[in-house]
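What follows is a short report on a single structure.
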Amino acid sequence: MPQLDRLPGTPEFRIKLPKEAGEARGHLLTEFGDNGTHKFLLLEGSAVVAEAWPGLGDHARRLRAELRTNGGFADAPADPTRPETPPHWVATRDIECNSSSAAAALVYGYAASGPESWRTAEGHPLADYLSTGWRPPRKAWLVRGSNVSGHNLVRQLWLKEGFISLAAAHLPPVEETDPTKSTLRRFVEEGYEGAASYSQKRGLVDELHAFLTQMRVGDTVATIGDGRLHIGRITGEAVQNSSPGGLSNLRRTVIWLPQSHAYEELPEEVQQKLSVQHDVVDLTAVLDALDGLTGQTERTAPAAAGGAGEHPAEERPVQRELSLPHITEALATDLLVHDRSWLDEIRELLVDERQLVFYGPPGTGKTFLAMRLAEYFGGGPEQVKIVQFHPSYAYEDFFEGFRPVEDPETREVAFRLTAGPLRELADLASREGNRHIPHFLIIDEINRANLAKVFGELYFLLEYRTKSVRLTYSGDDFALPPNLFVIGTMNTADRSIALVDAAMRRRFAFVELSPRTEPTAGLLARWLEREGRQLEPARLLDALNSLIDDADFAIGPSYLMKPGVYRDGGLERTWRTKILPLLEEHHYGEGLDVAARYGLDSLREQRP
């Protein structure tokens, strides 16, 4: 077998098999495979899963069968001290694979990503040792320079001399054009030993990799100086040289546009991205908004004039603005709200606050109204997600956390970071093409959970929508999308509204739905008229609520807006099994004859 050269500068990589059935080992080769990536050598003695799973491709399945037939894979000897270890194979020789993913498929018995599956002894993924793959034709970046060791480089150097820079004072000379993250990690570990914490080193590796490898000539770049956003275009490759005080050792030339923009006047989505606390931040997600600020409407820089057969650059679609539909008479009529101005006020509260709570006694239609308004404003149920809080609900249920998940291939159970309903809806709302569409999260019974425990650091984001925070579990920098609205419902009959803290009240607008005030008052009568029924149930409900001394225990109309109420004996049955039990709980221990005071016969006698 010819000598196979290991890719210089790369270590040995490993994959640990499930249930501690051993590990596979291998390394990258200098030669490229058919798919344009480096070949991979699976080393002799590597452990391999014996079972082939349904997710395995035909080519890998045939190769495993051939290796098994010709002796490339042999049965691993059983370990009498570990009878629970599943049967597996072992490689009897080195096996050349077309790519790291092909090698991972041989090991696992199902299709897997090699760059993520293979790890070094320290746990770094193989992806860190590969050159950058495909990236969009043009990206956008934020590079901070207004406070570099106390110096405002934006004002003093960048805008005047036309460049951006990173300090990188301890970075040794980098000879590679596009250094991999592993190369930069080694340089940072050596150069910044004792000069930076592990967290600072990790952040510096990411920033250097973005500056040296991810950025390209033609990319948009932005920076903030003296409260204003400056936007330009990168025109030069990264250059490493010495600088006074080591403040700007790594540079790229930039053509800055003459116009700057006040921070407070920037679009909210741009402000969110600018709040991420790193020296280099990928702004490609808001590239459309940045181009809108500069008046640029083309995806790529204009081609040189005079070329034969040239096509004009593709124009971007006009950025649509986020807005909520106005209230129509048809909606007000459908919801039986006789005063349309009340619905207009709800819309204005959502536009201004983005969060509101409907609160009131049971049966006042809080959840129904929340769902109907969310679907109307969002354009359909696809943009609406509903959750119900309860005493055991936690941050991990609501936003994200580690949960036990069974691997469908290996059937192993492991704890994996899993998104909750808010994270899922936020990700959906922030997708390109969705950012002008309102998305709604409805939280039913919002006061039944420990709100500080459920919301965690998200409390801050509810009030400061233009900021981002570092998440507890994933470590991502996260901001609530401006097109995500929250509507909560709160039942006042159990007194738990009194437990809502001031932080919650400050972040939500509170709208009462009470049987004694509009639009809930008179709702049942309007519904009965629309349904062509007698108005007696509405009169009985009004008489009942006039006898209840506590407004929080008034009875809402939705109990009497169901078809079963109007079948034979339905009204009496609903009154006896739904309404009177609520009032018995309210008067518990008082010795009051609830049926005699609030029963239908009594109310009919009292009604004039």
Do you know the tightest heavy-atom contact between A426 and P481?
-> O-CG, 3.4 Å
Salt bridge or not for D476 and R423, using N-O below 4.0 Å?
-> yes
Taking the six-membered ring of F389, is NZ or CZ of R448 closer than 6.0 Å to its centre and within 45° of its axis?
-> no
Backbone N or O of A394 within a donor-acceptor pair of the D397 side chain at under 3.5 Å?
-> yes
Is NZ or CZ of R505 both nearer than 6.0 Å to the six-membered ring centre of F510 and within 45° of the ring axis?
-> yes
Check: F402 ring centroid to Y473 ring centroid under 6.0 Å = yes
Can a salt bridge be assigned to the pair D477 and R470 using a cut-off of 4.0 Å between side-chain N and carboxylate O?
-> yes
Distance from F508 atom CZ to E463 atom CD, nearest 0.5 Å?
-> 11.5 Å
Could you tell me whether the side chain of L159 reaches within less than 4.5 Å of the side chain of H230, counting heavy atoms only?
-> yes
Atom of I442, atom of M371 and distance for their closest heavy-atom approach = CD1-CA, 3.5 Å
Go through L184 and L212 one step at a time and tell me if the side chain to side chain contact (heavy atoms under 4.5 Å, CB included) criterion holds.
-> CA-CA 10 Å; L184 294 172; L212 292 170; 3.8 Å; yes
Decide yes or no for P115 and L130: does some side-chain heavy atom of the first lie under 4.5 Å from some side-chain heavy atom of the second?
-> yes
Sidechain N-carboxylate O distance under 4.0 Å for R228, E265 | no
How long is the gap from CG on L484 to CG on L441, to the nearest 0.5 Å?
-> 6.5 Å
Verdict with supporting geometry, Y376 and L324, side chain to side chain contact (heavy atoms under 4.5 Å, CB included) = CA-CA 9 Å; Y376 176 78; L324 296 182; over 6 Å; no
Would you find a donor on one side and an acceptor on the other, under 3.5 Å apart, between the side chain of R507 and the backbone of Q355?
-> no
For E457 and T472, does a side-chain donor sit closer than 3.5 Å to a side-chain acceptor?
-> yes
Does E268 come within less than 4.0 Å of R465, counting only side-chain N to carboxylate O?
-> no
Consider only side-chain N and O atoms of S99 and T37, and report whether a donor and an acceptor are under 3.5 Å apart.
-> no
Shortest non-hydrogen contact between F377 and R347, atoms and distance = CZ-CB, 3.9 Å
Can you tell which of R119, K181, R185 makes a side-chain hydrogen bond (donor to acceptor under 3.5 Å, both in side chains) with D128?
-> R185
Backbone of K39 reached by a side-chain donor or acceptor of E31 within 3.5 Å = no
Hey, are the side chains of P421 and I386 touching, using non-hydrogen atoms and a 4.5 Å cut-off?
-> no
Are T489 and D444 close enough that a side-chain donor and a side-chain acceptor fall under 3.5 Å?
-> yes
Rounded to the nearest 0.5 Å, what's the gap from CZ on R403 to OG1 on T418? Could you check?
-> 7.0 Å
Are N152 and S146 linked by a side-chain donor-acceptor pair shorter than 3.5 Å?
-> no
L247 versus S243, closest heavy-atom pair with distance = N-OG, 3.3 Å
Any side-chain donor paired with an acceptor under 3.5 Å for S392 and H390?
-> yes
Return yes when atom OH of Y464 has more than 12 non-hydrogen atoms of other residues, nucleotides or ligands closer than 6.0 Å, and no otherwise.
-> no
Under 3.5 Å, is there a donor-acceptor pair linking the side chains of S468 and S275?
-> yes
Could you walk me through whether F455 and Y395 pass the ring-ring contact (aromatic ring centres under 6.0 Å, His included) test, one step at a time?
-> CA-CA 6 Å; F455 279 96; Y395 175 92; 9.4 Å; no
Answer yes or no: is there a donor N or O on one side and an acceptor on the other, between the side chain of Q383 and the main chain of H439, under 3.5 Å?
-> no
When the ring planes of F440 and F485 are compared, do they come out parallel, tilted or perpendicular, using 30° and 60° as the limits?
-> parallel
If only atom types and distance count, is the side chain of D219 paired as donor or acceptor with the main-chain N or O of R216 below 3.5 Å?
-> yes
Side-chain heavy-atom pair T223, W256 within 4.5 angstrom cut-off | yes
Would T120 and Y129 satisfy side chain to side chain contact (heavy atoms under 4.5 Å, CB included), going step by step from the backbone distance to the final call?
-> CA-CA 10 Å; T120 66; Y129 297 81; 3.5 Å; yes
Polar side-chain atom of S101 near backbone of G114 as donor-acceptor pair, under 3.5 Å = yes
Which class fits the ring pair F40 and F13: parallel under 30°, tilted 30 to 60°, perpendicular over 60°?
-> tilted
Does the side chain of T30 pick up a donor-acceptor pair with the side chain of R6 at under 3.5 Å?
-> no
CD1 on I164 to CG on L153, rounded to 0.5 Å = 12.0 Å
Quick one: are K139 and L287 in side-chain contact, heavy atoms under 4.5 Å?
-> no
Quick one: closest heavy-atom pair of H436 and L322, and the distance?
-> O-CD1, 3.6 Å
Where the side chain of Q240 meets the backbone of P172, is there a donor-acceptor pair that is under 3.5 Å apart?
-> yes
Report the C-alpha separation of I346 and L356 in whole Å, then their side-chain angles, then the decisive distance to 0.1 Å, and conclude whether the side chain to side chain contact (heavy atoms under 4.5 Å, CB included) test is met.
-> CA-CA 9 Å; I346 298 299; L356 67 79; 4.0 Å; yes
Do the side chains of L471 and F399 get nearer than 4.5 Å, heavy atoms only?
-> yes
Any side-chain heavy atom of V143 within less than 4.5 Å of one from W158?
-> yes
Under a 4.5 Å cut-off applied to non-hydrogen side-chain atoms, are I231 and L293 in contact?
-> yes
Heavy-atom donor-acceptor pair, N483 side chain to I437 backbone, under 3.5 Å | yes
Donor-acceptor under 3.5 Å (R144 side chain, H278 main chain) | yes
Nearest-0.5 Å distance, CG of residue L29 to CG of residue D5 | 8.0 Å
Under 3.5 Å donor-acceptor, T253 side chain and G236 backbone | yes
How many angstroms lie between atom CG of L166 and atom OG of S248, to the nearest 0.5 angstrom?
-> 10.0 Å
Taking NZ, NE, NH1 and NH2 as the nitrogens, is one of them in E189 or K201 under 4.0 Å from a carboxylate oxygen of the other?
-> yes
Cationic tip of R252 above F211 ring, under 6.0 Å, 45° of axis | yes
Quick one: closest heavy-atom pair of L266 and L274, and the distance?
-> CD1-CD1, 3.5 Å
